[in-house]
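Atom set for the values below is all heavy atoms of this structure, side chains included, hydrogens, waters and symmetry mates excluded. This one's a predicted model, so the numbers in the text were calculated from it and none came from an experiment.
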Amino acid sequence: MSKKDYSAVKEYGQRIRAFRKTAELSQKELATFTEVHQPYIAAIENGDVNIGIKIQETIGQTFGVRYYQLADPEFPIPSKEILRDNIRRYLISKQIDPAWLNEETPNLSHYVDRILNSDFLDKPRTAKAIAQEIATKYRVNASAARVTDILSRNPRRQQVQITKSENSRLNIYRR
């Protein structure tokens, strides 16, 4: 990077990219684990956004390091094995299926379809409630962010009504 292009935000983004690549994660996987959208991860890595401490902390927890270690160029990036073990522990703590790390991405769409074909969405539900129903009924853990992602895409988007709750920014889903 030339001195003209240097900025702490760009350097931080490069460090996040280095952690992610060492762990052999895609931007989409990191986004799923940290419950943000993939373009936001790309913007962080490109140094296009100055992120807040909360997302720094979440990314750090995902990799099993402290948030300030992400930015420290003197802090050595752990090996792939250590990072993936830390990520596995993080996913389990967040009740996300660690099969993602084994390239055995659970086919949550199948379970969301089963929920759509039941009477569960006859009443308005949040993505968190849908994820909890999937976990209870099918013993498959899913994050609310993943459920939201699945329901926001066609053909499922055409099968549900999506509204905002009155007192928050949460999506409410109903068949």
For Glu24, is there an ion pair with Lys80 - N to carboxylate O distance below 4.0 angstrom? yes

### Task
For Arg174 and Ile162, indicate whether the former's side chain and the latter's backbone hold a donor-acceptor pair under 3.5 Å.
no

d(Ile82 CD1, Thr22 OG1) to nearest 0.5 Å is 11.5 Å

*Check the pair Tyr173, Asn171 against side-chain hydrogen bond (donor to acceptor under 3.5 Å, both in side chains), reporting the backbone distance first and the verdict last.*
CA-CA 6 Å; Tyr173 302 92; Asn171 284 344; 3.2 Å; yes

Query - Donor-acceptor contact present, side-chain Arg175 to main-chain Ser118, <3.5 Å - result: yes

Could you tell me whether the side chain of Thr136 and the main chain of Glu133 form a donor-acceptor pair under 3.5 Å? no

Step through the shown structure and confirm whether more than 12 heavy atoms of other residues, nucleotides or ligands are within 6.0 Å of CZ on Arg157. no

All heavy atoms of Leu116 vs all of Leu121, minimum pair found to be CD2-CD1, 3.5 Å

Do Leu25 and Arg20 come close enough that some side-chain heavy atom pair is under 4.5 Å?
yes

Residue pairs passing the side-chain hydrogen bond (donor to acceptor under 3.5 Å, both in side chains) test with at least one member in residues 123-132, sequence neighbours excluded, are none

Check: Do the side chains of Leu83 and Phe63 get nearer than 4.5 Å, heavy atoms only?
Finding: yes

Legend entry - Flag for Gln14-Glu45: side-chain donor and acceptor within less than 3.5 Å: no

Correct closest heavy-atom pair for Ala144 and Ala131 would be N-CB, 4.3 Å

When rounded to the nearest 0.5 Å, the distance separating CD1 of Ile41 from OG1 of Thr34 is 4.0 Å

Note to self: Do Tyr40 and Ile55 have side chains that approach each other closer than 4.5 Å (heavy atoms only, starting at C-beta)?
What the structure shows: yes

Ionic contact status for Lys94 with Glu35, cut-off 4.0 Å | no

Taking every heavy atom of Ser109 against every heavy atom of Arg156, the minimum-distance pair comes out as CB-NH2, 3.4 Å

Min side-chain heavy-atom separation Pro78-Phe19 under 4.5 Å
yes

Notebook entry, point to check: Would a distance-only check, ignoring hydrogens and angles, find a side-chain to backbone donor-acceptor pair under 3.5 Å from Arg15 to Gln69?
Noted result: yes

(request) Please check if the side chain of Asn46 supplies one atom and the backbone of Ala42 the other of a donor-acceptor pair under 3.5 Å. (result) yes

To the nearest 0.5 Å, atom NE2 of His110 lies from atom CD1 of Ile115 at 10.5 Å

Between Asp113 and Ile150, is there a side-chain heavy-atom distance shorter than 4.5 Å? no

The reported gap from CG in Leu91 to CD in Glu29 (rounded to nearest 0.5 angstrom) is 10.0 Å

Correct closest heavy-atom pair for Pro124 and Ile172 would be CB-CG2, 3.3 Å

Tightest non-hydrogen contact, residues Arg84 and Ala23, listed as NH1-O, 2.7 Å

Do Ile44 and Ile59 have side-chain heavy atoms sitting under 4.5 Å apart?
-> yes

Gln56 meets the side chain to side chain contact (heavy atoms under 4.5 Å, CB included) criterion, sequence neighbours left out, with Tyr12, Ile51, Ile53, Tyr67

